[in-house]
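Below: one structure, written as structure tokens.
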Amino acid sequence: MKAKASRVRERVIDAKTRTRFTRPLLQWYDASGRDLPWRAEVTPYAIWVSEIMLQQTQVATVRPYYDRFLKVFPTIADLAAADLEKVLKLWQGLGYYARARHLHRAALEVVARFSGNLPDTFEALMSLPGIGRSTAGAILTIAFKKRYPILDGNVRRVLCRFFAVSQDPREKSVDAWLWLCSEKLMPTKRLSGIYLQAIMDLGATVCSPKHPDCLSCPVEKHCEARALGLQGELPMREKRKKVPHYDYFAGLLVCGDSVLIHRRPLKGLLAGLWEFPGMRLEDALVKESIMPQFEAFFKNEINQSPKDAQLFMTIRHVFTHFKMTLYVFSARIAGDVPVHLPLKWVRRDRLSNYAFSTAHQKIVSGLSGLDDCPRLF
DNA sequence: GATGCGTGGTG
DNA sequence: TCACCAAGCAT
């Protein structure tokens with residue numbers, strides 16, 4: 001293991017290697033690169049937004065969110081002036097909501113510290129929440145025409161294959177070498193922005209994780225993984241741990257034409273999003289045990305017993321680190337029950353103004369599909 | 001340095 | 001149904 005590690009560290013990227021890799025890549029991009037909205041002549045702010053949205057998220061998913069976001073917040077000042085709630089609403093369904101929170105906070109900082117202009121130095125960008133080394137590199141290179149490397153999933157995969165790196169790319173020394181490599185392969189400053197887009201496109205469309213399309217690859221001739229037949233195996237990845245499964249319940253509490261919702265705390269999972277109040281079931285082995293917990297929960301929350309509780313829908317949902325089965329019970333509350341934040345009564349036709357997680361959005365959708373349900377309304 | 005953080009697509 | 005994967009960053 002040590003021998004391999006030192007071999008990678010010693011490996012030097014010279015001008016010849018760069019030519020063999022970079023030139024055909026740029027030619028390929030010229031002919032086969034994707035036409036994406038953030039590749040038109042757009043502002044550094046737009047590049048920034050796209051880079052944040054694209055973190056761990058595929059292009060097809062991002063596109064509609066990107067378009068909407070820039071339409072509503074065309075400038076950093078617009079974003080900074082908005083409520084976090086409105087930003088989260090636009091982010092609803094995209095996932096990793098800390099990105100939205102950080103982006104919003106960063107916009108406020110840019111207004112306060114940089115007169116509303118996105119800074120163009122590595123240190124200043126890195127000091128903003130949500131911007132790490134790769135995102136800073138992408139912004140500096142693509143938006144500000146500088147020459148900073150990135151090392152995202154695409155670049156990592158392409159490099160591990162081209163140089164047949166069999167070690168774990170997350171290992172510190174290997175990671176450091178890959179960063180160096182990423183920088184050395186970059187062309188002149190003038191072409192660097194194009195180059196970054198090219199290598200990311202290659203990773204996304206040709207040098208894909210599972211079944212790379214080597215016959216379409218511009219650098220196949222010199223790809224070491226290809227020569228060894230290892231293109232499908234590299235980069236090395238460790239098996240994902242099996243995630244646990246938990247049961248939850250939520251209450252769809254109805255009073256007149258209003259329903260009760262709850263805002264999640266600003267830290268942790270789905271931070272700041274709205275949901276139908278509920279909790280994890282300690283013991284869901286027996287479905288019959290839900291009702292007592294349901295009653296006790298609302299007795300505690302609003303000091304009131306819901307009436308006519310019955311199963312409204314069952315939702316299965318997968319998060320990064322656990323699976324959830326959510327039992328949603330509808331029930332009626334008689335008379336006015338005052339609540340205070342994070343609980344809130346909201347008219348049914350106003351629910352669309354609130355940002356819900358995807359699981360709970362299914363409840364909202366199920367509700368509007370009902371139209372008039374005499375049992376509930 | 002390991003872990004937490006969403007969702008949708010795919011085989 | 002399930003395992004795996006996708007333009008990382010914060011803590």
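Here is the naming used below: chain letters follow the sequence lines, and residue numbers restart at 1 for every chain.
Atom CG of Leu269(A) and atom C1' of dG6(B) are 8 Å apart (whole Å). In this structure, NE2 of His211(A) is placed 14 Å from P of dC4(C), rounded to the nearest angstrom.
Across all strands, Arg170(A) comes closer than 4.0 Å to no nucleic acid atom at all (heavy-atom distances). Residue Leu94(A) is in base contact, counting any heavy-atom pair closer than 4.0 Å across all strands shown. Across all strands, Ser50(A) comes closer than 4.0 Å to no nucleic acid atom at all (heavy-atom distances). Using a 4.0 Å heavy-atom distance criterion, Gly93(A) is classed as a sugar-phosphate-only contact. When heavy atoms are screened at a 4.0 angstrom cut-off, Thr61(A) is found touching no nucleic acid atom at all. Within the nucleic acid shown, Trp38(A) comes within 4.0 Å of at least one base atom, counting heavy atoms only. Heavy atoms of Leu36(A) sit under 4.0 angstrom from at least one base atom. Counting non-hydrogen atoms under 4.0 angstrom, Arg34(A) reaches a base of the nucleic acid. Contact annotation for Thr57(A): base contact, defined as any heavy-atom pair under 4.0 Å involving a base atom. Counting non-hydrogen atoms under 4.0 angstrom, Val318(A) reaches a base of the nucleic acid. In this structure, Ile52(A) reaches neither bases nor backbone, as no heavy-atom distance under 4.0 Å exists between it and the strands shown. Lys241(A) comes within 4.0 angstrom of sugar-phosphate atoms only, judged by non-hydrogen atoms across all strands, and of no base.
Under the 4.0 Å criterion applied to side-chain N and carboxylate O atoms, Glu224(A) and Arg11(A) are assigned as salt-bridge partners. Ion pair Asp14(A)/Lys16(A) not flagged as a salt bridge, since none of the NZ, NE, NH1 or NH2 atoms sits closer than 4.0 Å to an Asp/Glu carboxylate oxygen. Arg348(A) has no carboxylate O lying under 4.0 Å from a charged side-chain N of Asp257(A), or vice versa, which leaves the two without a salt bridge. With respect to the salt-bridge test (charged N to carboxylate O, under 4.0 angstrom), the residues Arg39(A) and Asp201(A) qualify.
Nearest-nucleotide positions on DNA chain B place Phe322(A) closer to the 5' end than the other of Phe322(A) and Tyr65(A). Between Tyr96(A) and Arg105(A), the one whose closest nucleotide on DNA chain C sits nearer the 5' end is Tyr96(A). Comparing Lys267(A) and Asp201(A) against DNA chain C, the residue whose closest nucleotide sits nearer the 5' end is Asp201(A).
Checked against dG8(B), dA10(C), dA3(C), the side chain of Thr358(A) finds its nearest nucleotide in dG8(B). With dG8(B), dG1(B), dC9(C) as the candidates, the nucleotide lying closest to the side chain of Lys172(A) is dG1(B). With dC5(B), dT7(B), dG8(C) as the choices, the nucleotide that has an atom nearest any side-chain atom of Ser357(A) turns out to be dT7(B). Nearest to the side chain of Arg99(A), among dA10(C), dA3(C), dG6(B), sits dG6(B). Residue Lys210(A) has its side chain nearest to dC5(C) when only dC5(C), dA10(C), dG6(B) are considered. Here dG8(C) is the nucleotide among dG6(B), dA3(C), dG8(C) with the atom lying nearest to any side-chain atom of Ser134(A).
Between Arg237(A) and dC5(C), a side-chain N or O to OP1/OP2 separation shorter than 4.0 Å is present. Note on Gln56(A): every side-chain N or O is 4.0 Å or more away from OP1 and OP2 of dA6(C). The shortest distance between the side-chain N/O atoms of His317(A) and the OP1/OP2 oxygens of dT7(B) is below 4.0 Å. Phosphate proximity of dT7(B) to Lys323(A): absent, as no side-chain N or O sits under 4.0 Å from OP1 or OP2.
Under the 6.0 Å cut-off for aromatic ring centres, Phe249(A) and Phe297(A) qualify, their centroids lying closer than that.
Between the NZ atom of Lys86(A) and the CG atom of Asp78(A) there is a distance of 8.5 Å, given to the nearest 0.5 Å.
Across the P atoms, dC9(C) and dG8(B) are found 23 Å apart, a figure rounded to whole Å.
Using a 4.5 Å heavy-atom threshold, the side chains of Leu88(A) and Glu85(A) count as separate.
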